[in-house]
Every structure is written in structure tokens, then in C-alpha cells.
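Here's the structure we're looking at; comments come further down.
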Amino acid sequence: MPTRTGPPFTVATPRPLPAEREGDHWILEAAGKQVKLTNLPKVYWPEQGYTKGDLLAYYFNVADAILPHLAGRTLTLKRMPDGIAGTTPYPRGTPSSFFERHPPKNTPDWVPRCVVPGEGGTLAENLMAGDVASLLFVANLGCIDMHPSHARCARYDEPDWMVFDLDPMPPSGFAEAAAVGRHVRAALDSLGLKGYPKTSGATGVQIFVPVAPGHTYEQTRGVAGAIARLIVAADPDGATLEWDTTQRGGK
DNA sequence: GCTCCTT
DNA sequence: AAGGAGCAACGCCGA
DNA sequence: TCGGCG
Ligand SMILES: [Mn+2]
């Protein structure tokens, strides 16, 4: 049950969100831009009771860390305006989340866009987030996940990084994913490439690899696929490229 | 979360 | 006034 | 070539 009456924030953050209430909503001012924020008390994480306000405060607090990774790249938003457990009435129980890439109609003109060629000679506008205001604007849409493009807008078809996504399936966990990550590092070493690992979700690992300018997605996909197949061949019990998630148990 | 379109 | 639909895009794979 | 799935 969405609440409009509960507290807007339930988690203390180093820098509280400096949003001022204005009638039924809030206004955040950042670098002269006014961002309208709505429904802060709405519970987005029912299990923990975390609110949309908590989400916005989170993105405000990590802005300095996250913005360098978003700026100049188109974003695919994963929007969950009814929280992480929201569902649609029909079909019954279907998650009410959805993806969005184009600026919705109410997007302020100061939110940056990337114009890219679309289907059949058309042009499409894609969202970007370049500063605190645009970051908080997309977060207010109920966007919990943000997926930045592997390529910068200026060279939208030339990725400047590739990623190895290691998702352990029970009973495998983080340790097993890290072990596969070491295989990835060995392969990258032999190619003179450097990978930057990070945790992902509860038990996963992702390894980001900078790619020199001038390469296509087809090329990076080919390299990543070749490395992945080598690892599966070397460690068939520890790694799989199985596409069907129900078929990749234990790896 | 918000707009648009149909009832 | 109330309610529903729409909101990305692409590679992989098996049919 | 199409549809489901990621
Ligand atoms: Mn993952």
C-alpha cells in the first residue's frame, strides 16, 4: 500500500536531501535548476520500509561518484514507480516495472539528450544525466536502475568499455564468481588488457575493461565471447555460457 | 510517474 | 471523473 | 524469418 502520510525519509544520509516542500510535492534546487520531486513518503522497498525519498537521498549522496560514469552516455532507465515489488492487475502479478530510453513528455529542457539515428533514417532522442538535477529528475521517475551506454554519445556506436558479467547460481556464490574473475584477468593479461572488477548484486562480479577508441560493438562482442568460451573450455565445472537461466545451475 | 486516450 | 495503455532494443537461440 | 527470452 503506497503511503502518502509516512515519513519521506527513513535512512540517515551524510548529506540530507535539501528539498523544500511546496504544496503536495518537493523542490530541489541544483545549479539553478529546479527539480520537482513527488511522493517521497511512498514505500519502494516494502520489506525494509525504505521510501522513494530514501532513493532520491541516496542518488543525491552518491552523485559525485556516479555522475562521471553517466555523463555523456545515453541512459536506459529501469523504472519501478510502484517500488521493487509493484505488480500490474493484469496479467495478474506481472511486475509493473518498465524500461525507458526516450525523454518522457514532462522532461525539463535542461535534461541532456543524445540524438541518434533510429529505424529507417529517423532520429531518436535518448536521455542522459549529466548533473545533480538531471540525475534526480530521472530518479524521481521511479528509476531505480540506470544503465549507461557502453559508448559515449559523441561516438554512440563505438563502445569504450566492455564488461564480463559473472552471475553465480546457488550453490555457487561470490567465491566461485571471483574464481572465474581470475580466469578473466588471466585472459586479459595475455592480451595486454586491464580489467576493473566490482561486486554486482548480492554475490555477482562484473569486470569492466577499457576499450581503445575506434572499435565496434561487433568487435568487442567477438573478443568477450572468445575469452568467455576459452574460460568455459578451461573450467567447464566452474563456468557456463548457458543462455537459459534454468539450465545453468551451480555455476 | 505521468501523459494521453477512451469511456 | 475515472480507468487503461504505453513507456527500449538487440543478440541469441530454437522453431 | 519469427517469437521468446536475456
Ligand atoms: Mn550480473
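Worth saying up front: this structure is predicted, and the values here are computed from it rather than measured. Here is how names work: the chains are called A, B, and so on, in the same order as the sequence lines, proteins then strands, and each is numbered from 1.
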According to a strict under-4.0 Å criterion, is [X] in side-chain N/O contact with OP1 or OP2 of [N]?
X	N	answer
H25(A)	dG1(B)	no
K52(A)	dG1(B)	yes
T76(A)	dA9(C)	no
N39(A)	dG1(B)	yes
N126(A)	dA9(C)	no

Quick one: [X] [atom1] to [N] [atom2], roughly how many Å, whole number?
X	N	atom1	atom2	answer
E218(A)	dC12(C)	CD	C1'	14 Å
W243(A)	dA15(C)	CH2	P	11 Å
L75(A)	dC7(C)	CG	C1'	16 Å
L77(A)	dA9(C)	CG	P	12 Å
R73(A)	dA8(C)	CZ	P	22 Å
R248(A)	dC13(C)	CZ	P	13 Å
H147(A)	dC10(C)	NE2	P	16 Å
E242(A)	dC5(D)	CD	P	15 Å

Would you mind reporting whether [Y] and [X] have side-chain heavy atoms less than 4.5 Å apart?
X	Y	answer
R113(A)	P103(A)	yes
V132(A)	L67(A)	yes
L55(A)	W45(A)	yes
L141(A)	P81(A)	no

Query raised in the report: Expressed as a whole number of Å, how far does the C1' atom of dG6(D) sit from that of dG6(C)?
Result: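 My reading of the C1' atoms in dG6(D) and dG6(C) gives 22 Å.
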Query raised in the report: What integer number of Å spans the P atoms of dT3(B) and dA8(C)?
Result: 16 Å
**Report entry** Parallel, tilted or perpendicular, as decided by the 30° and 60° cut-offs, for the rings of H150(A) and Y217(A)
**Finding:** tilted
Which one, [options], comes nearest to the side chain of [X]?
X	options	result
K105(A)	dC4(B), dC2(B), dC12(C)	dC4(B)
T245(A)	dG1(B), dT3(B), dG6(D)	dG6(D)
F98(A)	dA8(C), dC12(C), dG1(B)	dG1(B)

Query raised in the report: How would you label the contact of N140(A) with the nucleic acid (heavy atoms, under 4.0 Å): base, sugar-phosphate, or nothing?
Result: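 Sugar-phosphate only.
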Query raised in the report: Just checking R79(A): base, sugar-phosphate only, or nothing, at a heavy-atom cut-off of under 4.0 Å?
Result: base
